[in-house]
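Heads up, the thing below is written out as structure tokens.
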Amino acid sequence: MGDGTMDVADTGLPVEPEHQNLFYALFLSIYLTTVLGNLLIIVLIRLDPHLHTPMYLFLSNLSFSDLCFSSVTMPKLLQNMLNEDPSIPYAGCLTQMYFFLLFGDLESFLLVTMAYDRYVAICFPLHYTTIMSPKLCLSLVVLSWVLTTFHAMLHTLLMARLSFCADNVIHHFFCDVSALLKLSCSDTQVNELVIFIMGGLILVIPFLLIIMSYAQIVSSLLKVPSARSIRKAFSTCGSHLSVVSLFYGTVIGLYLCPTATNSTVKDTAMAMMYTVVTPMLNPFIYSLRNRDMKGALGRVFRKKKTLFSL
Ligand SMILES: *[C@@H]1O[C@H](CO)[C@@H](O)[C@H](O)[C@H]1NC(C)=O
């Protein structure tokens with residue numbers, strides 16, 4: 001590792017110099033919206049006892065994960081946009097990669113947990129509270145953390161083995177595993193194999209579990225089709241399904257349409273989609289369409305007002 005720093009190339013964010021300020025303002029507002037939106041969800045769920053149900057506790061975990069996920073890349077990206085000669089220390093780069101993987105996977109595991117929760121709620125409505133006990137909920141969250149910590153650690157340790165030679169310019173806007181592998185002058189076969197296998201497991205298994213949950217939900221709805229049960233299923237699963245489509249849509253789009261030519265712009269745009277846009281949209285998807293969340297907002301603010309008028 002030459003001088004111990006990685007230069008983050010300007011090609012990482014293909015922006016014309018005259019549009020730099022515009023993009024800076026855009027990303028800053030996206031980041032602030034993400035932080036405030038997700039914080040609002042966490043605080044609302046914490047404050048309103050009506051929302052202390054498994055579904056909302058998982059949602060609060062998802063918001064926490066979104067908040068951290070965008071804080072891994074956005075502040076550094078914003079700082080680099082102001083910097084003439086953007087760079088990141090080697091250790092900082094590995095740390096960013098570790099947390100990027102950690103919160104990215106956590107998101108994927110939490111989406112599975114939430115799908116399982118909806119499956120139990122719709123297919124076994126009478127046993128819902130006994131099955132989704134606080135103990136099971138906590139275990140599912142802890143399991144997600146353990147798996148994702150292990151996975152992120154594995155990739156980071158494998159990356160730390162590699163040596164980097166002359167060209168240490170990252171053609172990306174953050175320290176992404178694949179962008180770093182392209183720079184290494186060691187043999188990266190083991191890394192690529194592990195990425196292929198673990199990436200498959202971490203993305204495909206959760207995706208299949210979610211599809212299975214929804215298949216069960218649909219088949220249970222079709223057994224006794226009634227307008228009321230279908231409406232109820234839509235209202236409780238709609239938000240989750242939108243978030244899942246957004247998350248897996250971008251990730252699958254990225255991996256199923258491999259770039260034959262070295263199209264950095266397209267890669268960057270897709271990576272932007274899931275690192276910047278998805279964490280911002282999740283709170284809106286959940287709160288705008290959701291009567292419980294709006295009710296909670298009303299209740300929390302009313303309570304504050306009476307508190308102040310005392
Ligand atoms: C995450 O979920 C667990 C289990 O449901 C819950 O106890 C915890 O409060 C949640 N954490 C956050 C930050 O919402």
Side-chain angles (χ1 to χ4, degrees), residues 31-75 98-125 127-152 202 206 209-210 213 236-237 239-244 246-247 275 278-297 299-301 303-304:
Y31 181 58
L32 290 179
T33 314
T34 308
V35 171
L36 292 178
N38 285 301
L39 267 183
L40 182 66
I41 290 207
I42 296 173
V43 170
L44 267 188
I45 293 175
R46 182 73 10 132
L47 288 183
D48 192 354
H50 290 91
L51 299 183
H52 289 181
T53 61
M55 183 169 124
Y56 287 106
L57 289 177
F58 292 141
L59 174 61
S60 160
N61 276 276
L62 188 71
S63 278
F64 175 72
S65 172
D66 274 333
L67 185 66
C68 298
F69 188 56
S70 73
S71 300
V72 172
T73 51
M74 288 298 270
Y98 174 78
F99 285 106
F100 182 80
L101 289 170
L102 181 77
F103 292 113
D105 294 344
L106 188 60
E107 182 123 353
S108 165
F109 288 129
L110 286 174
L111 288 176
V112 182
T113 312
M114 294 170 91
Y116 177 70
D117 170 71
R118 290 300 85 206
Y119 158 68
V120 175
I122 289 172
C123 298
F124 309 97
H127 302 119
Y128 179 68
T129 38
T130 41
I131 298 178
M132 294 305 285
S133 61
K135 206 172 143 204
L136 179 70
C137 293
L138 192 62
S139 315
L140 288 172
V141 171
V142 170
L143 181 68
S144 306
W145 274 99
V146 170
L147 288 177
T148 185
T149 305
F150 167 74
H151 182 235
I202 293 271
L209 288 173
I210 292 174
S213 288
T236 63
C237 300
S239 312
H240 179 255
L241 209 52
S242 321
V243 173
V244 168
L246 195 64
F247 183 77
T275 52
T278 311
M280 178 183 69
L281 287 185
N282 284 355
F284 290 100
I285 291 175
Y286 268 95
S287 30
L288 291 181
R289 306 185 53 246
N290 190 310
R291 219 175 295 135
D292 293 343
M293 293 298 285
K294 283 187 202 148
L297 201 59
R299 277 192 295 275
V300 166
F301 275 105
K303 209 159 38 180
K304 282 271 147 1

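Because the structure is predicted, anything quoted here is derived from the model rather than measured. Atoms within each ligand, like the ligands themselves, are counted from 1 in listed order.
The aromatic rings of Trp145 and Phe64 lie tilted to each other, with the angle between the two planes from 30° to 60°. Aromatic ring pairs are classed by plane angle as parallel below 30°, tilted from 30° to 60° and perpendicular above 60°; the pair Tyr116 and Tyr119 is tilted.
The only option from Ser65, Ser63, Ser60 that meets the side chain to side chain donor-acceptor pair (under 3.5 Å) definition with Asn38 turns out to be Ser63.
Under the 3.5 Å distance criterion, the side-chain polar atoms of His52 are matched with a main-chain donor or acceptor of Arg46.
The parts of Asn61 lying near ligand 1 are both backbone and side chain, judged by heavy-atom distances below 4.0 Å.
Taking atom 7 (O) of ligand 1 as the reference point, the nearest protein heavy-atom neighbour is Leu138 CD1, 4.0 Å. With hydrogens left out, the protein atom closest to atom 9 (O) of ligand 1 is Arg46 NH2, 3.3 Å, a heavy atom. For atom 14 (O) of ligand 1, the nearest non-hydrogen atom of the protein is Ser60 OG, 2.3 Å.
Counting only non-hydrogen atoms, the option in Pro134, Cys137, Ser63, Ser65 that gets closest to atom 5 (O) of ligand 1 is Cys137.
Side-chain atoms of Ile202 and Leu147, non-hydrogen and from C-beta on, never get closer than 4.5 Å to each other.
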